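Computed from a predicted model, the values in this text were never measured in an experiment.
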Amino acid sequence: MKYVSAYLLLQLGGNASPSAADVSKVLSAAGADVDEDEVAKLCDQLKDKSIEEVMDAGKQKFSSVPVGGGGGGGGGGGSGAAAGGGSSAPAAAAEPEPAAEEEEEEDLGFGLFD
């Protein structure tokens, strides 16, 4: 992924056809480890291709991937001890939670929809 990101960064910077050396230079400047074989492979695969066409082809491949759905899971059941599940240990007395203090809104000089 870092190789593709560096390639795209170079293209956004105006280099229409980044070389393997260009990609390696960007990655080295960022302090990343560079596998020269991977960089060369990427540049060979993208050689003479429009990045827009490559991205569109990728979108077409993703459109056929199932993404799940199927409804949500049911709510979880309560624990047996909390529901009186027959535990012989005495229930610990719950400490009352301190009341949350409401924060006052500060007037910042502008409204949300101004």
Scan the side chains in residues 41-51 for donor-acceptor partners under 3.5 Å anywhere in the protein, sequence neighbours excluded, and list what turns up.
| residue | atom | partner | partner atom | Å |
| --- | --- | --- | --- | --- |
| Lys49 | NZ | Gln45 | O | 3.3 |
| Ser50 | OG | Glu52 | N | 3.3 |
| Ser50 | OG | Glu52 | OE1 | 2.8 |

N/O donor-acceptor pairs under 3.5 Å from side chains in residues 26-39, not counting sequence neighbours:
| residue | atom | partner | partner atom | Å |
| --- | --- | --- | --- | --- |
| Ser28 | OG | Ser24 | O | 2.9 |
| Asp35 | OD1 | Asp37 | N | 3.2 |
| Glu36 | OE1 | Ser24 | OG | 3.0 |
| Glu36 | OE2 | Ser24 | OG | 3.4 |

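For Lys25, the NZ atom sits in a loose shell: 12 or fewer heavy atoms of surrounding residues, nucleotides or ligands are nearer than 6.0 Å.
Through chains of ILVMFWY side-chain contacts below 4.5 Å, Phe62 is grouped with Val65. With a 4.5 Å cut-off between side-chain heavy atoms of Ile, Leu, Val, Met, Phe, Trp and Tyr, the cluster of Leu12 takes in none.
Among residues two or more places apart in sequence or in another chain, the side chain to side chain contact (heavy atoms under 4.5 Å, CB included) test is passed with Ser19 by Ala21, Asp22.
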